[in-house]
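First the structure, in the form of structure tokens, and then the observations on it.
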Amino acid sequence: MNVLMSSTSYPESLQDWRGRFIANMVTALAKQENITLSVWAPPGELPADAVSVATPADALWLARLSKQGGIAHLLRTRKALAATTILGLLLRLGRAYRRQRIDVAHVNWLQNALPLWGTRTPALITVLGTDFALLRLPGMKAMLRSVLRQRRAILAPNADWMRPLLEQAFGDIAEVRTIPFGVDGSWFDVVRGSAVDNVSHWLVVTRVTKNKIGDLFEWGEGLFGPNQRLHLFGPMQEEIVLPSWAHYHGPTYPADLLKHWFPIASGLITLSRHDEGRPQVMLEAMASGIPIVASDLPAHRDMIQHRTTGWLAGSREEFREGLQWLGDLANNRNAGSAARQWVRSTVGSWDDCASRYVAAYSQLLAA
């Protein structure tokens with residue numbers, strides 16, 4: 001079957017943090033038998049069995065959009081530019097959907113389904129946490145419903161907590177099926193070391209925005225210092241004053257985390273208030289045997305078992321208790337081991353994920 005995958009994010013190189021999960025998805029799908037995979041996405045290295053169908057002009061446009069932070073970031077920070085960018089996306093991606101002979105469109109992000117309007121191509125639409133901000137825009141649900149009515153479609157959130165909301169909005173005209181992303185095997189191979197000189201290292205890997213940082217800088221005051229260090233990684237997408245005890249390292253990439261940081265990490269912290277789906281870096285940390293301290297959001301409750309695979313915090317005092325509880329070596333190792341086992345048994349590899357997608361493609365074509 002001929003599958004066209006559309007995405008507005010893709011890593012330019014191995015050191016690029018943007019769209020890493022899309023690259024993993026493409027690599028796994030390209031290995032599947034009985035599909036021919038085409039990709040409309042920003043320029044980057046594709047596996048041998050996948051081909052880019054973005055025109056040179058589209059590739060330049062997509063590269064510029066990626067460097068601007070994507071549609072969701074523009075909607076938050078530059079609404080006027082976002083409007084013209086969305087129009088450009090609809091026109092360019094609409095032409096791409098119609099240029100190819102497609103059996104199934106694999107659409108990443110709901111916004112990229114809108115240009116399918118007027119066609120009858122079956123579609124699998126991956127839904128992420130940021131899509132829920134898009135759904136709050138006036139008229140967006142109605143436009144998406146008009147697109148979905150024209151075809152067989154599966155909405156595929158990557159976490160169960162999103163299903164009820166999607167079924168309420170679209171369940172009468174499309175199937176909603178949770179299809180978890182996978183985790184690359186290299187994360188399962190991480191060997192955690194012991195603290196050096198009794199210094200613990202806590203990692204925060206995120207885009208640096210107010211909603212992504214959440215209550216971290218308020219709750220963390222007085223808890224971090226020379227013997228309990230906080231390391232912050234990620235692109236600075238909003239102007240935020242960092243406290244002196246937060247060691248900011250800028251954007252990172254998987255090889256750096258695998259080699260230098262995950263082996264020495266005491267845990268991963270995320271106190272995000274953002275619309276989260278199932279953050280990939282959290283899955284990768286858990287697969288590496290690293291426990292997580294997280295804000296008490298639906299997305300985090302969906303993947304963290306409190307005091308078993310990590311710690312959920314709804315206040316500064318609970319955050320302090322979580323750091324203290326995971327500061328105990330036995331608790332830390334037990335939680336990390338349980339987290340790794342949960343990812344292995346519940347999520348699996350990217351190859352497992354690709355098999356789930358191919359089964360969904362086949363069902364769309366058999367309907």
Fill in: Nearest-0.5 Å distance, CG of residue D215 to CZ of residue R316
11.0 Å
Worksheet entry | Q324, CD: over 12 other non-hydrogen atoms inside 6.0 angstrom | no
Worksheet item: Which other residues belong to the hydrophobic cluster containing W325, where Ile, Leu, Val, Met, Phe, Trp and Tyr are joined when side-chain heavy atoms lie under 4.5 Å apart, directly or via other members?
Response: W202, V204, V208, I213, L216, F217, W219, L223, F224, L230, L232, M236, I240, L242, W245, Y248, I269, L271, V293, W311, F319, L323, L326
Practice prompt. Could you check whether the rings of W187 and F262 sit parallel, tilted or perpendicular, using 30° and 60° as the cut-offs?
Written response: tilted
Practice prompt. Describe, in one word, how the ring planes of W261 and H201 are oriented to each other, choosing from parallel (under 30°), tilted (30 to 60°) and perpendicular (over 60°).
Written response: perpendicular
Worksheet entry | Enclosure of E12 CD (heavy-atom neighbours >12, cutoff 6.0 Å) | no
Discussion item. Within this structure, what is the CZ-CG distance for the pair R95 and L90, rounded to the nearest 0.5 Å?
Written reply: 11.0 Å
Response to the item:
Residue pairs meeting salt bridge (charged side-chain N to carboxylate O under 4.0 Å, His left out), one or both in residues 348-361, sequence neighbours left out, come to K31-D351
Discussion item. One thing to verify: whether D184 and R20 come together as a salt bridge, which I'm taking to mean a side-chain N less than 4.0 angstrom from a carboxylate O.
Written reply: no
Worksheet entry | Salt-bridge criterion met for R145 and D172 (N-O under 4.0 Å) | yes
Fill in: Heavy atoms from other residues, nucleotides or ligands near CD of E45 exceed 12 (cutoff 6.0 Å)
no
Worksheet item: Can you list the other members of the hydrophobic cluster that holds V191, where links are side-chain heavy atoms under 4.5 angstrom apart?
Response: none
Worksheet item: For E317, does the CD atom sit with more than 12 other heavy atoms under 6.0 Å from it, leaving out its own atoms?
Response: yes
